[in-house]
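To start, the structure itself, in structure tokens.
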Amino acid sequence: MDLRIDMPLVLLLLLPLFLYFGWTYFHERQRLKRSHIVVLTIRIVAAGCLVFALAGPYLLLPIKEEQIIYLVDRSASMNGTEDEMVQFIQESLQSKKEPQLAGIYSFSSTLQTEAILSKTLKEVPKLTEIKATDQTNIEQSLQLASGIIDPKKATRLVLLTDGNETKGDALEFATKLKGSNISVDIKPFSQPVVNDVSLKSFVSPQVAYVGEQQQLVTDIHATSAGQGELLLYENDELIHREAVELTEGTNVFTYKHAATAEGLVKYEAVVQVGQDAIFENNKLTSVTMVQSEPHLLIVNGYETASPIAAALGSQSIAYDVVAPKSLPNELSSYLQYNAIIFDNVPGHLVGEAKMSVIEQAVKNFGVGFTMVGGENSFGLGGYFKTPIETLLPVEMEIKGKEQLPSLGLVIVLDRSGSMQGSKLELAKEAAARSVEMLRDEDTLGFIAFDDRPWEIIETGPLSSKEEAVDTILSVTPGGGTEIYSSLAKAYENLADLKLQRKHIILLTDGQSQAGNYEDLIGEGKEEGITLSTVAIGQDADANLLEALSDMGSGRFYDVIDEQTIPSILSRETAMISRTYIEDNPFYPAIYNAAGWNSLFANGVPQMNAYIGTTAKQGATVVAESEKEDPVLAQWQYGLGKTFAFTSDSTGKWTGDWARWQNWGAFWQTLISQMLPSYNDVAYDVRLEADGSFMITDPTNEAAFLDIVAVNEAGEELETQLETISASQVRAVVQAEPGLIFFRIADEKQAIYQAGLSVPYSAEYELLPVNNQLIEELTQRTGGTVLKEPQDVFRDFTTKGADRQNIATWLLLASILLFFIDITIRRFGWNFLTNAKKKEPLVEEKTIPEDTNVAQLLKGMKKRS
């Protein structure tokens, strides 16, 4: 037991107290009686107790229990050491004493439990799988472990690691453990020495020009001599393959390449060898801005040659024509273009993942975008509530709903176990999106099936869209797959309804038992019911589903990319719920819009048809139909300019426009207005050693820059900006290894693009044990570097203790003493020693002190 005081300086208050009581005793000692001395002593003790209570005294009571927590580093740099670490823990547990608690936890980028802290731990359990191994965060593991233990007990954290932290700062956290009951022991482990080849760096020029010879420099490190193969890619296309001889240590190879791609071009280097310990360090990327003339991407939805390319001619802007299915997934592939045109492209051939990447290219990098009409475009293309609709100046909804036919829609959705996960979630989202496209007076039914049909929403008028959407989204996966009875239920529900259009959409990823589908669908056709089917994944019975859609006069969709499901259902709902195509010939009204008026100086040609849409608030309508629907509309979306041309490009809908002398000039004008405005300022963007990015502005206006970082998947990354000076801004970006793209815009919205490569984590480097960190961490926390397993449970130098505060007891004692003091002064000393002498004490004390009462008593005696 140990007595301690929190605020010892408070005890200085005892000096004036003792001086006061000493002075009182010295001057009054001649007149002090025994009772006065007792009272004075009580007052001194009471005041002393009060001062001690204010000083915060407490007792430390020893705690016998001790805590030992194993922290096992299971990051990528520790591959091959797990058995050795488990053996060390198992041997050390044989030395555990009775009052000691032990627990085991694994860590890499975060901490996970293997065995909770207890007295009964004798065996090491099988370690659970750890997913994220690309980082080592020793600081976080120590921090979380210190939150698990009882801080009153003596604690030892035993780290089994190589000490190569890639995240956090363990030494900084170690300073917070100083003075606590926690010490850190470390047992060093390291990967066995193996053959490994790694790319240390890959450099391409920051800026180049089309056709210019540029050097691609690779730095390859090998642990031993051998043979390998070096591959170089430009925008994912192989441009160089070379067998290389590798010596032990550093190997530098230079390849000269004439740039053919344009814009932000991604280069990638890959080294391959026969035996390699770590594959993750064999690839690096680099980005070069290849400057050139503007470049256009035409996505052609027709099976024939692109009508827009034909209208532009060979002397126009450089362009590439691709089919919708050939669209790339990476942002870098879109940033090599200045503008994109979707010409009659159905949304389900694109998928929402690619739509999101395109939306980022338009919003943050200024790439222009135009959608051109056709039977597979706008609402009929399934773009309702997609990222493409978000960036366009028009909405897919149209006016004149009172003229639309009455509709009954039943969605039959597979909820079997095989649909669990993203397939079911996307299918439910697609169904919910279809509901939002319906009118309040439309009829809706929703059947989810596994081994039997479940009527989630009974077929009837759509009373509440919100309620229907919530109900659909709440569906959970079930058991097997049985299609026929569910489809029969849908036909039965629609058969007797008096509606102009009745449609069923069937979505499934599985097979089903046989059924008399031909009779079922034939009877349904007599009632005006049509059927479309969606086969999800390779396990679906595509042949059956395609046959069902043919019999049901609907459409069949064979889905490999689950992301396309929402667009498919949107398209289906649009095709049966809306009369989208306006096919009455008319002369569009042209409004005063900059850059367009000169084309129509000699008149406006007649147009045959267009797809109905609604202009968004803030959009500029350049050409409008007689029904006041937009034919050509434009607006600014982020940094990009987007257009909607709701007629087609073939001449079937555009009529006289396609035979018009300014037809080619029309497309040239539209493209020129789409092109972004680029900044001539050469901003310098560099990756710092700490993982942040330093952006230098030569115009000294760094504080006014608008900076956005986006990854290859088109996801905008969380970015923290810090202004360092007038010319420099630091950007801290939460980015994974790979390419990252910066968009820098000034106050005039002029755009600068830059791409950088975030290299692979240091986890994938073959590094020796970090002895410097291990030594310093153990010294700062009072721990040691372990050599033998039994040392884990050696005696603790610092014992645990429970703090018992005694200030309250001292306050109570002070109050009690003051109460005794008051009692003695009120009733006298004899009140405490002899209760029978109360009266004399009263006479002796009160009568002589009051002279008026004494004289009155004398007068009474004389009269008597």
Taking atom types as modelled and ignoring hydrogens, do the side chains of [X] and [Y] form a donor-acceptor contact shorter than 3.5 angstrom?
X	Y	value
Thr166	Gln135	yes
Thr254	Gln215	no
Gln634	Thr620	no
Glu716	Asn364	yes
Ser77	Glu763	yes
Glu359	Thr390	no
His295	Gln336	no
Ser204	Ser286	yes

Open item on the list: Give me each pair satisfying ring-ring contact (aromatic ring centres under 6.0 Å, His included) with a member in residues 684-734, each pair once, sequence neighbours excluded.
Closed with: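 Sorted pair list: Phe693-Phe742.
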Check ion pair [X]-[Y] (N to O, under 4.0 angstrom):
X	Y	value
Lys167	Glu139	no
Glu114	Arg74	yes
Glu436	Lys385	yes

Can you check whether [X] reaches [Y] side chain to side chain, under 4.5 Å on heavy atoms?
X	Y	answer
Thr218	Leu199	yes
Leu777	Leu159	yes
Asn770	Gln772	yes
Phe253	His240	no
Leu231	Leu238	yes
Leu157	Ile182	yes
Leu264	Phe741	yes
Leu739	Leu756	no

Backbone N or O of [Y] within a donor-acceptor pair of the [X] side chain at under 3.5 Å?
X	Y	value
Glu330	Glu712	no
Lys616	Leu392	yes
Ser75	Ser108	no
Ser692	Val732	no
Asn711	Gly714	yes
Tyr334	Pro328	yes
Thr288	Pro205	yes
Asp276	Val197	yes
Thr719	Leu717	yes
Asn164	Pro768	yes

Distance-minimising heavy-atom pair for [X] and [Y]:
X	Y	answer
Ala170	Ile138	CB-CG2, 3.7 Å
Phe643	Leu632	CD2-CD1, 4.4 Å
Glu293	Asn338	O-OD1, 4.3 Å

Could you give the distance from [atom1] ([X]) to [atom2] ([Y]), rounded to the nearest 0.5 Å?
X	Y	atom1	atom2	value
Ile340	Ile671	CD1	CD1	12.5 Å
Glu701	Thr699	CD	OG1	4.5 Å
Ile130	Thr133	CD1	OG1	7.5 Å
Tyr383	Met396	OH	CE	8.5 Å
Trp635	Leu391	CH2	CG	8.5 Å
Tyr752	Asp697	OH	CG	11.0 Å

Open item on the list: Tell me if the aromatic rings of Phe369 and Phe342 count as close, with their centers under 6.0 Å from one another.
Closed with: yes
TODO: Please state whether the rings of His257 and Tyr267 are parallel, tilted or perpendicular, taking 30° and 60° as the class boundaries.
DONE: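 Perpendicular, since the angle between the ring planes exceeds 60°.
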Task: Aromatic plane relationship, Tyr764 with Tyr760 - under 30° parallel, 30 to 60° tilted, over 60° perpendicular - done: perpendicular
Task: salt bridge (charged side-chain N to carboxylate O under 4.0 Å, His left out) evaluation trace for Arg433 with Glu352 - done: CA-CA 13 Å; Arg433 193 177 294 181; Glu352 296 209 16; 2.5 Å; yes
